[in-house]
*Asks:* 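Handing you this structure, nothing more for now.
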Amino acid sequence: MPPIIGIDLGTTNSLCAHLVEGVPRLIPNAVGEVLTPSVVGVTESGQVLVGAAAKELRVTQPDRCASCFKRFMGSNETLAIGGQSFTPIELSSLVLQSLRDDARHHLREMVTEAVITVPAYFNDNQRQATKLAGEMAGLLVRRIVNEPTAAALTYGFHDRNSEKRLLVIDLGGGTFDVTLMDVFEGTLEIVSTAGESFLGGEDFTDRLVATLLQKQGLQLESAELREPLRVARLRQQCETAKRQLTTKESVVITLPDDVGHLLPDAPTVRIDRTSYAKLVSPLVERLSQPVAKALRDGQCNPADIADVILVGGATRMPVVADFVREFLDKEPLCKFNPDEVVGLGAAVQAALIADDQAVEDLVMTDVCPFTLGIEVVKEFLGEIKPGYFVPIIHRNTTIPVSKEEPFQTVAPNQREVNVVVYQGEHRRVEKNFKIGELKVTGIPPGPAGKQFFVRFTYDINGILEVEAYLPESPKKFRTVLTQHAKSFDKQELEDAVRKLQSLKYYPREDLVNQRLLRYCERLVGEVSPFHRSELEAAIDTFEAAMSSGEREAVEFAHNGLLQILSTLGYEFRGDRE
Ligand code: AMP
């Protein structure tokens with residue numbers, strides 16, 4: 001049977017995994033690493049790059065790259081890179097395609113099926129968009145799993161005989177999720193989940209970027225438009241500094257000039273852990289509300305929690321562990337690499353679907369993370385007021401679930417009803433998120449108050465189907481929730497796949513060289529001007545060798561470039577600062 005792979009499609013990094021001899025293992029990518037930056041680039045010659053090489057390219061040519069597009073999944077936003085326009089679904093699809101190729105290469109098998117993780121707080125549109133991105137990448141998406149649930153699966157897989165309550169705190173690049181769960185006799189039961197879909201490690205980096213720009217009298221948003229090279233370089237400097245502050249007491253950041261160069265006499269700023277903690281405290285404060293909500297929904301006191309598990313690269317920041325200690329009076333656990341735990345859990349979920357013997361004693365139940373309902377009108381003292389939200393499925397209901405509620409027409413001879421579907425917790429719809437609508441037509445004439453039923457079915461992928469019907473009629477109206485999501489029919493899907501197939505892809509086997517080239521191009525703006533021409537000459541030789549395609553010449557120039565880097569005091573380790 002062909003393998004089903006588990007994919008963590010992250011805001012900053014993505015990874016894939018599968019079960020090897022009963023144990024989840026990560027799959028290395030074309031440059032030999034397990035984390036693939038979720039960055040897509042288009043080179044000067046129009047070739048598409050995904051991953052580490054694109055991440056390097058982003059520093060020197062931000063207009064040729066797109067990143068953090070997961071934040072726009074489910075919207076109609078398009079991003080222009082290198083003169084071409086892409087939707088977030090297409091960009092995600094390119095990342096998925098790259099992971100699929102890595103898996104095919106590594107496993108030496110056709111890989112056509114996958115489990116993909118999404119933030120628990122992803123709404124219906126975002127889930128549908130993720131599924132579509134998988135289909136466009138030639139993958140049958142067997143399951144969409146919530147990221148904290150996948151993380152919990154990794155812990156549960158390795159600790160299945162215990163009996164305890166866990167709290168998973170997942171702060172990734174762009175989203176924050178909290179999940180309360182019980183483990184007992186091989187059963188993993190998600191009790192409650194809460195989160196924020198616009199809070200992640202990238203906001204911490206941006207906070208640092210915005211502060212340093214402010215010191216130079218600049219605003220992040222306008223500088224991004226007017227001086228993108230300055231912002232791209234500063235963001236990369238701040239990302240490195242943020243990571244270094246995890247292990248170091250203080251760091252020095254060199255401020256780039258308006259074209260993104262780090263000149264020898266450039267101003268520098270020293271930041272220590274205390275000042276960083278103060279700077280990001282408004283973001284840390286935002287962690288408390290979802291945690292409190294998950295505990296409240298699960299009717300749980302902090303004292304009932306056995307372990308607090310940290311997941312997502314951004315939980316490496318000491319401010320997050322400090323928050324857990326202070327807010328929950330618990331020492332957080334970090335048994336697995338926080339970058340990898342979701343991907344590994346996706347592989348466990350894939351094994352559950354494939355009925356793998358290694359997981360035959362494991363059972364998992366999940367919940368619907370938000371309340372789902374429809375808009376209704378209310379009558380106050382004879383006055384009809386629209387815009388009220390009535391829940392049909394309450395948040396933290398165990399899934400799959402199917403629930404039906406009766407409603408009534410409000411006007412005499414009302415022939416149709418527009419069922420508008422929302423997700424959220426507010427009693428007024430305008431404060432909630434609209435996810436679609438469904439028109440019920442053919443209501444027979446008659447007085448107001450004619451009854452009809454609305455049924456919501458929320459499946460294990462977190463995808464909602466809405467049905468409405470009149471009790472006296474066999475006809476059922478079913479949704480295609482198209483309001484916000486870019487929904488594709490078969491033809492559109494085929495067109496989108498054709499578009500992706502017509503792109504020129506950078507050859508996989510040359511990605512290591514492409515990454516080195518882009519890394520060195522980035523260094524041109526960083527090395528001292530005395531060494532710049534030496535480095536540029538070596539880059540030229542390397543680029544010429546790459547264009548010639550002569551293997552030996554490429555290898556020779558590659559080694560020459562590494563040697564120069566080493567004499568300049570740089571070690572090519574790619575992304576790992
Ligand atoms: P993820 O989506 O789980 O890959 O999370 C990636 C986020 O974690 C990014 O915002 C990274 O900047 C952040 N991150 C990764 N490693 C560290 C670290 N050592 N210290 C602080 N943040 C980190």
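Read the numbers this way: they start at 1 and go in the same order the structure lists the ligands and their atoms.
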*Asks:* Would you call R395 and D297 a salt bridge, taking side-chain N to carboxylate O under 4.0 Å as the test?
*Replies:* yes
*Asks:* Of the protein's non-hydrogen atoms, which lies at the shortest distance from atom 6 (C) of ligand 1, and what is that distance?
*Replies:* T12 OG1, 3.0 Å
*Asks:* Give a yes or no on whether D63 atom CG has more than 12 heavy-atom contacts from other residues, nucleotides or ligands under 6.0 Å away.
*Replies:* yes
*Asks:* Numbering the atoms of ligand 1 from 1, which are under 4.0 Å from a heavy atom of G312?
*Replies:* 3 (O)
*Asks:* Within ligand 1, which atoms have a heavy atom of E239 less than 4.0 Å away?
*Replies:* 11 (C), 12 (O)
*Asks:* Answer yes or no: are there more than 12 heavy-atom neighbours, outside Q84 itself, under 6.0 Å from its atom CD?
*Replies:* yes
*Asks:* For the pair D459 and R127, find out whether any cationic side-chain nitrogen is under 4.0 Å from an anionic carboxylate oxygen.
*Replies:*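 Not counted as a salt bridge, because no side-chain N and carboxylate O are separated by less than 4.0 Å.
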*Asks:* A314 versus ligand 1: do any nitrogen or oxygen atoms come within less than 3.5 Å of each other?
*Replies:* yes
*Asks:* Which ligand 1 atoms does E202 reach within 4.0 Å, using its non-hydrogen atoms?
*Replies:* 9 (C), 10 (O)
*Asks:* Can you tell me which residue pairs pass the ring pair (Phe, Tyr, Trp, His ring centres under 6.0 Å) test with a partner in residues 308-329, sequence neighbours excluded?
*Replies:*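 Sorted pair list: F323-F327.
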*Asks:* Can you check whether Y276 and F204 have ring centres sitting under 6.0 Å from each other?
*Replies:* no
*Asks:* What residue and heavy atom of the protein are closest to atom 20 (N) of ligand 1, and at what distance?
*Replies:*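 Going atom by atom, the protein heavy atom closest to atom 20 (N) of ligand 1 ends up being T246 OG1, 2.8 Å.
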*Asks:* How far is atom 19 (N) of ligand 1 from its nearest protein heavy atom, and which residue and atom name does that atom have?
*Replies:*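 Nearest neighbour among protein heavy atoms for atom 19 (N) of ligand 1, to 0.1 Å: R316 CD, 3.5 Å.
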*Asks:* Considering only non-hydrogen protein atoms, determine which one is nearest to atom 12 (O) of ligand 1 and report residue, atom name and distance to 0.1 Å.
*Replies:* K242 NZ, 2.6 Å
*Asks:* As a check for students: among S38, P119, G173, identify the option with a heavy atom nearest to atom 5 (O) of ligand 1.
*Replies:*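 Checking each option, the heavy atom nearest atom 5 (O) of ligand 1 is found in G173.
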*Asks:* Name all residues meeting the salt bridge (charged side-chain N to carboxylate O under 4.0 Å, His left out) criterion together with K164; count only those two or more places apart in sequence or in a different chain, and write none if there are none.
*Replies:* D159, D307
*Asks:* Describe, in one word, how the ring planes of F336 and H158 are oriented to each other, choosing from parallel (under 30°), tilted (30 to 60°) and perpendicular (over 60°).
*Replies:* tilted
*Asks:* Name the closest protein heavy atom to atom 23 (C) of ligand 1, giving the residue it belongs to and the distance to 0.1 Å.
*Replies:*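 So the nearest neighbour among protein heavy atoms is G313 O, 3.4 Å.
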*Asks:* At less than 4.0 angstrom from any non-hydrogen atom of G201, what atoms of ligand 1 do you find?
*Replies:*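 Answer for ligand 1: 10 (O).
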*Asks:* What protein heavy atom sits nearest atom 21 (C) of ligand 1, and how far off is it?
*Replies:*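 Protein heavy atom at minimum distance: M317 CG, 3.4 Å.
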